Structure formats: structure tokens, C-alpha cells
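To keep things clear, I will list the structure first and then write my remarks on it.
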Number of protein chains: 2
Amino acid sequence: MSVQERKERERATRQRLILATARELAEQHGWDAVTTRRLAERIEYSQPVLYSHFRGKREIVGAVALEGAAELAIALRAAASAADGPRARVAALARAYLDFAQRNPAVYDAMFQLDGGLAFAQPDTPEPLKDAFAALLENLGEVAGADVDPGLFTEVFWAAVHGLATLTRTGRLPPEDAERRTELLVNRLATL
Amino acid sequence: MSVQERKERERATRQRLILATARELAEQHGWDAVTTRRLAERIEYSQPVLYSHFRGKREIVGAVALEGAAELAIALRAAASAADGPRARVAALARAYLDFAQRNPAVYDAMFQLDGGLAFAQPDTPEPLKDAFAALLENLGEVAGADVDPGLFTEVFWAAVHGLATLTRTGRLPPEDAERRTELLVNRLATL
DNA sequence: CTCGTACGTCTAGCAATGCTAGGCTCGGGT
DNA sequence: ACCCGAGCCTAGCATTGCTAGACGTACGAG
């Protein structure tokens, strides 16, 4: 039995290596540079090995996305708990979200720009994705307003910061005004 | 001289054919299905002909994006002029924008998701893009608020509706609540 | 009207991509 | 000690964007 356990351990280690390498490659040179050949070469295995861990490139993207979602949830909760007062909490959430997107552009792309084969907004949505949304929801309810559904408010908040993140990152909005835009958005959304 | 003119006319016609075909193919089966071979086959020319009109696929995407921007500007202005009162105008703009994105997903992708090699938010930004932004700006100034820069407010508005459009379209937000989200967003942004 | 030229188009091919089939080798269990 | 199978690699397929070079045709000069 010990042999099998060892093999499984090695397999898990290698899987982590694949994901870490894919992520590193993506952050350094973009997802286009993450080819199966390059990835295989970096982990010092042949390409078919990748396919014994993942169905294909899409699934690798999806796996990185799930990692990122877990990290985003942590970052959001940390930011929220460090702020005092509902208004400050909303601002902190927005900044933490945009900060995450800016610091981990490739991971952000894997989550929200690319197709990682993940189900969103459905019963079979993976837990990390639900949890990242929950991290927003549990802090936004108090500023949604009396007659506004907290879930709906969270969706709108998310969409707005997502729009800021992507348009800024792709150079479609001038980067120098990013902070002022965030401030304005928070002012409008968080009606105390 | 007449010969040369005729040739230029034919060239322009063929260029329009290429763009219309690319757009049609993209709307029907997504941009991934727009390969140079398929596109060439549809227009009944060989692939190299495409490269005598455009530097490459990216430039085709960019050209479709500019077409789309012009149409979007028209749609936005039409919607704005049909509404009376500042508040209704904002709502009409948001609905027109989201409606455009939903009806022309491939064109929307060409404009805001894909890389068409276009410059945004810069001095050399193509006119249609500037004009589409202007169509928003000229109608949003009156609801930005006294101490808020209209340009900045327009950017935030744009980012928010863009977020709604993309997240909804990629199945990351439940489609059935789209209308309620729009309403909520407009309520918050348009403080009279 | 004829002929050379130049433009426009096509055939063929390159490197790179995601993915897969088939065989080889080395380790483990009997 | 030997056989068998898991696990890995080499090699290859179809498809992608893009390009080089040859070929034909239609134009313009004589």
C-alpha cells in the first residue's frame, strides 16, 4: 500500500508543479505563451504527461482560476475585516478586488476572461467561486439599502469593479485615474 | 485613369465583403471560427488576398471593431434623444448599450474583449471609438453631479455597464436578473 | 494590333498550436 | 527470477496564422 501512496503523493506534487508553472508562465508572458510544449519543457516532462493530469489546456486554466478564486476570497475578507464602518468596508473591498486583478492579471484572466470550463452562477459551480462571491456578499449586505436584494447588489458591485479592472488593464481606460474612478464608484454604490 | 478608379472601387467592395463575411462568421460561430482559410473560402478568394487588405487577423478584428463603434454611437444617441429627462436618459443609455452588446456579441468582443490593435484613451485613438465615448459623455454630464468630472463619471458608467455586459454574456451572472441589475445600477449612478 | 511588363492571384509550404496513438522501459508482485 | 502492467516518451496528426514564389492575365506603349 505504501507504494501506491507514494505514487499518489508524487502525482499530487507534480500536479501542483504543473499549475504553479502554468501560472508563472502566464503571469510572465501571458496565457498565449502557455503552450503545452513550453509548459511540458518547464516541468521537464513530455506533453502527454499534462494530459494525464488535465483534459487539456482549458482545464489547466480552470484549475488556476480556482486557485485564484480561493486567494481572492481571502484577500477580500482580510480587507473587509481591517476596515471599520460599512462605507469603509465597501471601499476596502473595491480596492482589494482591483488590487488583486492588477497584481495577478493572468490569474484574473483565467477566472473572468478566459474559458476554463467552469460553471458560474449555477448549482454545480465550484466551491471556491461561490466562496469568493460570498466574501463580497457577506460584506455588502449592510450597504445594499433596505429595499434592495443583497445578492443583486453584490452582482452589480462585482460587475462594476470587474469592468474597471478589465478596461483599465487592457488600456481602454487611462490608468492614472484609476483611484478616482474607484472612489466615485464607491460613493455612488454605497448609499448609507 | 478610369481603369485605376475601377480597380480601387472593386478593391473597396472586396474589403467590405471581407469585413461583412468576417463579422457574419464571428456572429454565427464565434471569433475562433474565423480562420483565414474559412474566411478566404467564404469570399471565394485565396488566403493571401486577405493579407493584401489587412496586415493580419488582428487588423480584421480591429476593422470590425471600428464598424461596431460607429453603430454603437448611433444607437446610443438614438436612445438618448428618445428619452426625456436626465434620469430616463441614463436608463435609456444603459439599456441601449447592453442591448447592443447582446445583439452583436461578436462585434462587442472585437471592440472590448479581443485585441484589434486599436489605441484607446490616447491621442491617436481612432475617431469612431472617441465618438462612441462622446455619445455617452454628452448625455451623462447632466447627471454626473456638481462636483464630479463628467469624463470620470462617464468612464465609471461605461465600466459598470461593460462589466454587466461581459459577465452576463459569458454566463458568469444569471441572465434572468439582467434587467433588475440594470435598474439598480442606474438608480445608484444617476443621483439627480 | 502586338508585345513586354507589372500587377494581382493562387499553389504550396513554414513554424507553431492542441492533442493523441503506439511502443518502450522500468519497477513491482507473484 | 520472471512476467506483466503502469507510466512515460517519441512521433505524428490536423489546424492555425502567415509568407514566398510562380503563374497568368490584362493593361499601356509602340
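Per chain, numbering begins at 1; letters A, B, ... match sequence-line order. Keep in mind that what you see is a predicted model, and the values were worked out from it rather than measured.
The only member of Tyr108(A), Phe100(A), Phe133(A), Phe157(A) that meets ring pair (Phe, Tyr, Trp, His ring centres under 6.0 Å) when paired with His162(A) is Tyr108(A).
Set against dG7(D), dC19(C), dC8(D), the side chain of Tyr51(A) has dC19(C) as its closest nucleotide. With dT16(D), dC8(D), dT11(C) as the choices, the nucleotide that has an atom nearest any side-chain atom of Tyr45(A) turns out to be dC8(D).
For dC19(C), the OP1/OP2 oxygens have no side-chain nitrogen or oxygen of Arg37(A) closer than 4.0 Å. Between Arg14(B) and dT9(C), a side-chain N or O to OP1/OP2 separation shorter than 4.0 Å is present. Side-chain N/O atoms of Thr36(A) include one lying less than 4.0 angstrom from OP1 or OP2 on dG18(C).
Atom pair Glu41(B):CD and dT9(C):P shows a separation of 18 Å (rounding to whole Å applied). Nucleotide dG28(C) holds its C1' atom 7 Å from the NZ atom of Lys7(A), rounded to whole Å. What separates NZ of Lys57(A) from P of dC19(C) is a distance of 8 Å, to the nearest Å. If you take CG of Leu114(A) and P of dG18(C), they are 13 Å apart, rounded to a whole angstrom.
One can find a donor-acceptor pair under 3.5 Å joining the base of dC18(D) and the side-chain atoms of Gln47(B).
No side-chain heavy atom of Asp115(A) sits under 4.5 Å from any side-chain heavy atom of Val61(A).
In summary, the side chains of Asn187(B) and Arg87(B) do present a donor paired with an acceptor at a separation below 3.5 Å, with no hydrogens or angles considered. For the residue pair Thr35(A) / Arg37(A), no side-chain donor-acceptor distance below 3.5 Å is found, with atom types taken as modelled.
If you check every strand for non-hydrogen atoms under 4.0 Å, Arg11(A) touches nothing. Contact annotation for Arg58(A): no contact, since no heavy-atom pair falls under 4.0 Å across all strands. Heavy atoms of Thr35(B) sit under 4.0 angstrom from primed sugar atoms or phosphate atoms, though from no base atom.
When all heavy atoms of Leu129(B) and Thr125(B) are compared, the pair lying nearest together is CB-CG2, 3.8 Å.
Of the two residues near DNA chain C, Asp32(A) and Pro48(A), the one whose nearest nucleotide lies more 5' is Asp32(A).
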